[in-house]
Each structure stands twice: as C-alpha cells, then as structure tokens.
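Okay, so here's the structure we're looking at.
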Amino acid sequence: MAAPTSVTVPLERVRNIGISAHIDSGKTTLTERVLFYTQRIHSIHEVKGKDGVGATMDFMDLEREKGITIQSAATYCLWNGFNINIIDTPGHVDFTIEVERSLRVLDGAILVLCSVAGVQSQSITVDRQMKRYKVPRICFINKMDRAGANPWRGIQQLREKLGHNAHAITMPIGYEDKFQGTIDLVSMKAFYYDGDNGENIRVEDVPAALMVEAKKRREELVAALGEFDDGIAEKYLNGEEPTADELRPAIRKATLTLNFTPVMMGSAFKNKGVQPLLDAVCSYLPAPMDVTNEALDQSKKEEKVILESNPGKPFVGFAFKLEDGRYGQLTYMRVYQGTVKKGDFIFNQANQKKVKIPRLVRMHASDMEDIESARAGDIVALFGVECASGDTFTDGAVQYTMRSMHVANAVISLAIAPKDKAGQANFSKALNRFTKEDPTFRVHRDEESAQTIISGMGELHLEIYCERIKREYACEVVVGKPQVAFRETITGKGEFNYTHKKQTGGSGQFAKVIGYLEPLPKDAVEPYEFVNDTFGGTIPREFIPACDKGFQEAIKQGTLIGFPIVGVRCVVNDGAYHDVDSSEQAFKTAALMAFREGYERSSPAVLEPIMKLEVQAPEEFQGSVMGQVNQRRGIIMNSQTLEKYFVCEAEVPLTEMFGYSTDLRSATQGKGEFTMEFLRYSQVPRTMQEEMVKAYKEKRAKEAAGR
C-alpha cells in the first residue's frame with residue numbers, strides 16, 4: 001500500500017517532470033528508486049528481476065517479458081514537501097510518440113545517460129524533442145558502477161554532440177566497482193548511501209584525496225554560473241568562494257533559461273545518488289508558473305494568449321494521451337489554467353461538444369486514485385470523456401486551443417488480417433483502439449488488393465501491436481511481408497499544356513491549364529507548393545483553388561510505383577476558360593491531367609527512407625558488423641571503440657534492414673545491439689528504380705486483365 005499523498009501543496013512546490021533517455025540507460029530503474037525513496041512503494045523490483053514482478057512503471061505483460069518500456073506511465077510522489085508528477089517514457093525509437101506527447105505537457109525533464117556509452121543516438125532524438133518544447137533539464141549520468149564508467153566523457157559529449165552548456169554539480173567518489181558515493185559540489189559535502197537499499201544517507205567531509213579535484217570542478221561550475229549571475233561573477237573575479245545558498249538560485253536561474261544543464265552522477269541499480277537528484281528536481285527545475293504556456297484564442301482569429309497557472313482563471317486542459325482502460329476510455333490531461341471538478345461540464349474545442357466528467361483520477365502506473373478536483377499544474381486522468389489525442393478542453397468561458405504535439409510520418413507497413421472470420425469483430429475493435437491511442441500507428445485499406453495495411457515507426461512497433469491484438473483481443477493474426485513507405489519525386493522541370501474538353505447533352509466541360517512542375521529545394525518544409533502566376537484573368541480567380549485541388553489529388557499517387565509524390569512545386573502561368581462550360585470540376589480535372597503530363601517530362605524518381613543506424617558490439621566482432629552494414633547498402637559515418645566495445649554509426653536504406661536483428665545476433669553471439677531511426681528520404685539506385693517500375697506496371701496490367 002502506497003503512502004498517502006493526497007496533501008495539497010502550494011503551486012510553487014509542484015514539479016511536472018519526465019524521465020527520458022536512450023534505451024537501456026536505466027530510466028525505469030531510476031523511477032523505481034524514486035518511488036521507493038518517496039515511500040510510494042515499499043520494495044524495489046527490477047526491470048528484468050528474478051522475482052517475476054517487474055518494475056512498477058512497466059505494468060504491461062509485454063513490457064515485463066521484453067524488459068523494455070512500451071507505453072509512457074504516469075505517477076506522482078511527495079518529497080520534502082514537493083509534489084512531483086513523473087512520466088517514465090520509453091527509450092526505443094519505435095515508441096517515440098510516447099516521449100513526444102509527454103514532453104509536450106511537462107515543465108522539466110531528467111535526461112539519463114549511461115556512464116559508459118554517453119550520448120547515444122536516441123539521446124540525440126530525446127534532446128531534440130526537449131528543445132522543441134523548450135523543456136529545461138537536469139542530466140543524470142547513471143550506471144557509475146559499470147566497468148568503463150567515465151562521466152566526464154559524457155559531459156564532453158553533452159557539449160559536443162548536443163550543444164549543451166553542461167557542468168557537473170556532483171562528482172563521484174570512486175568509479176566502477178569502487179563507486180562509493182557522490183560529492184555535492186555546491187555544498188562541498190560527501191554523501192554515502194548506507195542500508196540495504198541506500199536509504200540511509202551519511203553526510204561527511206570531502207575525502208582529502210579528492211579535495212583538489214573537487215575544488216577544481218567547483219571552480220569550473222562557479223565560472224560557468226558567472227555568465228548568468230552578476231553576484232557570482234563578481235565573487236569569481238575577486239577570487240572569493242560563493243556559498244551554497246548563493247549558488248543554488250544561480251543554478252536554478254541558469255537552468256530555466258535553457259542555456260545551462262546541471263549534471264549529476266550515480267547508480268540507480270546500486271541505490272546511489274538518487275536522493276540528491278530528487279533534491280535537485282525540487283531546487284532547479286521549474287514550477288508550473290515558471291513556464292510560459294501559449295494558447296490560440298479562436299474567438300479572436302487565433303490571437304496568442306498566455307495561460308496563467310492560476311486556479312481561479314477559466315479552465316483550460318490539454319488531452320495528451322488516451323488509453324482503453326477497464327472502465328472505458330482513460331484520457332490523460334494536463335490542467336494549464338483554472339480548476340476542474342468531478343461532475344463539471346467541459347467543452348471540447350475540437351468539436352465544441354459539451355461533456356460531463358463522471359470520474360477524475362490520479363495515476364500511479366496502472367493504479368488509480370480517485371480525486372474530487374484538479375487545478376492548474378496538475379496531471380490527471382478522466383473517465384468517460386470521448387476525445388482525440390491533442391484536443392483542448394475549456395469550461396466554455398474561453399475558446400482557447402493549444403498546439404498539438406509533433407507526429408512523425410510512418411516508415412514501414414504490413415498487410416494484416418485475422419486468422420479466421422470469427423475474429424473479425426475483435427480485430428476491428430483492436431485497430432480502432434490502437435489508432436486512437438497512438439497517432440503514429442496508422443491503418444488503411446488498400447482498395448486494389450482488398451488488404452488491411454498497418455503502418456508505424458519500425459518493425460518492433462508493429463510487432464508489439466500484432467502481439468497485443470493476439471493477447472488483449474484473443475485474435476490470431478496473419479501478417480504479410482513488410483512494405484517500405486517509398487515516395488516519388490521529380491528531378492527536373494516539366495512543362496504542361498492541357499485542355500480538358502467534354503461535350504455531352506447540355507452544357508459541357510472546358511478548362512485549359514498551362515505551366516510547369518519543378519523540384520522544391522531540399523530544405524523545404526512542406527512536400528508540395530502551389531504557385532499562381534497567371535495574370536490578365538486567363539483563369540478566373542474563383543477557379544484557381546480548383547487547380548490547387550487537382551494538383552493535390554495528383555500527388556497522392558505517382559505513376560512510377562504508385563506511391564505519394566513529394567518535393568514538387570506546381571506553377572500555373574496561363575490558361576483559358578469558357579463563360580458557360582468552365583466549372584470548378586473542369587479545372588480540377590484539367591490540373592490533375594496537366595500534372596500527369598508534366599510529371600512524365602520532369603525526370604521522376606523513386607525515393608526510399610534512409611535510417612540512422614547505431615550498432616554496439618564487443619570489438620572482436622567489428623569486422624563482421626561492418627561487413628553486414630556494407631552488404632545492406634549502408635554508408636558508415638563514424639566508428640569508435642570505447643572500453644572494448646565497438647560503436648558504429650551508419651546510414652542504411654530501410655528496405656535492406658528487415659531481419660537485421662537476427663543476423664546481428666548470430667554474427668555477434670547474441671552480444672550486439674542496435675537502434676535505428678528515420679533520417680531522410682533519398683533517391684534509390686537507377687537499376688533498382690527500373691526493377692520497381694517494371695514490377696508495378698506488371699501488377700497494374702494483371703489487375704486490369706482480372707477486371
């Protein structure tokens with residue numbers, strides 16, 4: 001039974017934080033220790049523990065079996081009078097939407113690094129997400145007990161790879177198997193963690209052997225803080241030592257500017273260094289009112305308004321995550337402004353629907369604790385409220401909407417079907433639920449092949465959903481061969497001059513569209529651009545949007561291999577119309593056919609997704625790992641050896657990566673591991689394009705013959 005936490009604390013003592021990192025850096029282990037020290041749980045369980053219980057935050061059976069976090073999980077705890085709301089997020093890139101949606105609603109974060117591996121590929125992705133949502137963070141260098149632990153290399157990588165102004169505020173007492181505790185560089189005290197679970201903190205003077213290094217590290221910290229605080233800068237220049245009470249506000253001020261990252265060290269698994277991290281969260285990360293949250297006022301043409309973390313203001317809440325719970329849809333919500341109570345009516349700004357809140361809960365992993373009300377700064381969950389992920393709710397007094405989270409495009413697809421007809425209803429239920437919960441999981445029906453296609457962020461992403469359909473809906477599924485999300489584009493300029501003329505009984509159809517297609521620059525944000533260069537009324541103004549619609553229809557499916565077209569600018573510079581026979585539909589059709597005409601002349605090409613691959617394996621397998629990457633059309637960008645472990649960074653086409661995990665395991669005796677994330681689209685080799693075009697034409701010919 002967890003300790004009671006229903007105490008209401010002042011808003012300045014609320015912290016909403018996320019714990020994010022590369023896979024296997026120890027996020028869930030760290031969260032487990034945080035819950036133990038704050039008395040939310042009374043015993044510690046490991047991610048892959050022998051007791052079979054598993055970590056508190058990994059409550060799904062699949063998470064416990066695979067030893068990875070799949071869904072972000074929310075909890076809260078009390079520490080020294082502070083209420084800390086925590087979201088533990090997955091490290092695997094396939095579940096990156098979980099990190100994205102969590103960081104969207106959090107005020108601060110802990111970026112966890114492994115003391116041996118340092119900044120890894122997913123650390124870079126997570127950091128990019130934190131920067132996108134302007135989230136201040138503390139870095140915790142974990143696994144100080146591991147062979148090869150070197151936190152200073154991690155700090156160097158934070159500076160070089162991520163561009164952080166990172167400085168240690170603690171340092172280790174010993175490394176690897178001699179790691180005993182930490183030195184707080186702010187108070188210049190040594191901390192040792194006694195007891196079976198490190199719960200008894202012993203504070204002593206800094207060991208004499210480490211005093212010189214501790215003073216040097218503290219001086220570096222003071223010099224860095226001088227950039228943010230004039231009082232500290234003055235003391236530093238005068239050779240005076242600032243006190244701990246002077247340094248703490250300076251660290252907080254610097255961290256909140258997003259231009260400074262305090263770095264701490266420890267070993268969550270060995271129960272060392274976690275309590276000071278909790279103290280740092282309370283001291284240095286922002287309270288809800290320290291963060292600027294913006295909304296758009298729909299009643300004033302989307303004018304920007306700043307939301308105040310004030311319980312007395314009109315209610316504004318943001319639904320950031322949905323789950324199908326035991327009692328219906330569970331909607332996770334961050335309250336940004338005002339107060340909301342059980343039984344209140346709230347308005348969904350996406351569809352203006354009025355809904356009543358039948359039940360309001362706080363989450364502790366999969367457990368729920370009923371509450372009567374929530375106020376600005378709280379992260380809660382609601383039952384019985386139908387909505388989509390990213391919807392804004394208000395009390396009806398204001399018409400505000402908040403910017404939704406960034407959703408990456410899917411890179412891989414699979415054909416999927418229930419094994420027998422009896423499972424069809426459950427199969428449809430499962431797909432409806434998963435698409436609602438996860439914006440990166442998409443489902444569509446291929447009309448030509450009459451197949452159901454699921455798309456997602458990677459092989460593991462789709463594999464997990466297939467497994468969940470089987471387990472949670474008792475529906476066995478048959479899965480087809482993975483299909484890569486190719487794209488088509490143009491590489492040159494292609495002119496068009498198309499006249500659409502149709503004469504039937506009564507008025508006919510007439511539209512003429514002249515112009516050209518050209519490639520968009522590589523750094524273009526949107527995949528399509530429409531330019532109206534007509535003058536003199538050659539095409540009446542009311543028909544210009546119809547031309548745009550026609551082009552947009554045309555780019556949905558290219559003629560090379562039937563995939564969407566990207567990176568194209570459509571320019572209309574002339575045309576003709578008829579007073580009676582021209583219509584919106586006529587110009588839409590003319591633009592569609594004109595595009596196809598210009599497309600043939602603009603050297604179309606096929607694009608494939610290129611993935612950023614990072615492989616780690618013991619150095620004796622370096623040759624075979626690099627050989628495998630080369631065989632898969634990979635380009636090795638960087639390779640290095642750290643503590644007898646070889647790390648290889650490469651760019652590889654996704655098409656070549658199916659079955660790679662099995663090949664890597666067999667080539668490295670099961671000791672190799674890899675992560676992969678989407679990087680960009682790139683042109684396929686000419687011979688491969690010719691084969692793909694030929695196969696597509698044959699498929700179309702067969703389908704036409706079969707009709």
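The chain is numbered in sequence order, starting from 1.
- Looking only at side-chain heavy atoms (C-beta outward), F427 and I416 come within less than 4.5 Å of each other.
- Applying the ring-ring contact (aromatic ring centres under 6.0 Å, His included) test to F646 and every residue at least two apart in sequence or in another chain returns nothing.
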Self-check item: Residue pair D378, R362: steps toward the side-chain contact (heavy atoms from CB on, under 4.5 Å) verdict
Solution: CA-CA 9 Å; D378 284 342; R362 270 182 186 268; 3.8 Å; yes
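- Annotation: side-chain hydrogen bond (donor to acceptor under 3.5 Å, both in side chains) contacts of E386 (sequence neighbours excluded): K436.
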Exercise. Go through the steps to decide whether F320 and M333 satisfy the test side-chain contact (heavy atoms from CB on, under 4.5 Å), and finish with yes or no.
Key: CA-CA 6 Å; F320 66 95; M333 182 182 282; 5.6 Å; no
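- Looking only at side-chain heavy atoms (C-beta outward), V647 and Q120 stay at 4.5 Å or farther from each other.
- Take Y660 and apply the ring-ring contact (aromatic ring centres under 6.0 Å, His included) test, not counting sequence neighbours, and it matches F674.
- Every residue meeting the ring-ring contact (aromatic ring centres under 6.0 Å, His included) condition with F486, not counting sequence neighbours, appears here in chain and number order: F563.
- Here salt bridge (Lys or Arg N to Asp or Glu O under 4.0 Å) pairs that include residues 606-617, with residues two or more places apart or in two chains, are E608-R633.
- Not counting sequence neighbours, the partners of R334 by the side-chain hydrogen bond (donor to acceptor under 3.5 Å, both in side chains) test are D107.
- Side-chain atoms of V105 and Y336, non-hydrogen and from C-beta on, do get closer than 4.5 Å to each other.
- Every residue two or more places apart in sequence or in another chain that forms a side chain to side chain contact (heavy atoms under 4.5 Å, CB included) with T668 is listed here: A617, F621, V625, L664.
- Under the rule for a side chain to side chain contact (heavy atoms under 4.5 Å, CB included), the partners of V693 that lie at least two apart in sequence or sit in another chain are L560, I561, Q689, K697.
- Looking at T392, its side chain never comes within 3.5 Å of a backbone N or O of Q349 through a donor-acceptor pair.
- Distance alone, capped at 3.5 Å, is enough to place a donor-acceptor pair between the R33 side chain and the A268 backbone.
- For the pair E488 (side chain) and G562 (backbone), a donor-acceptor distance under 3.5 Å is present.
- Heavy-atom neighbours of K353 NZ from other residues, nucleotides or ligands within 6.0 Å: at or below the threshold of 12.
- A distance of 11.5 Å separates CG of L431 from CZ of R433, quoted to the nearest 0.5 Å.
- Ionic pairing of D370 and K342 is not present here: no N-O contact between side-chain nitrogen and carboxylate oxygen is shorter than 4.0 angstrom.
- Every residue two or more places apart in sequence or in another chain that forms a ring-ring contact (aromatic ring centres under 6.0 Å, His included) with F434 is listed here: Y465.
- Residues meeting the side-chain hydrogen bond (donor to acceptor under 3.5 Å, both in side chains) test with Y528, sequence neighbours left out: D548.
- Note that the CG atom of D127 and the CG atom of L103 stand 10.0 Å from one another [nearest 0.5 Å].
- When the side chain to side chain contact (heavy atoms under 4.5 Å, CB included) test is applied to K356, the partners found at least two apart in sequence or on another chain are F345.
- In this view, S267 and D145 satisfy the side-chain hydrogen bond (donor to acceptor under 3.5 Å, both in side chains) rule, not counting sequence neighbours.
- Contact between G634 and V652 at its shortest, heavy atoms only, is CA-CG2, 4.0 Å.
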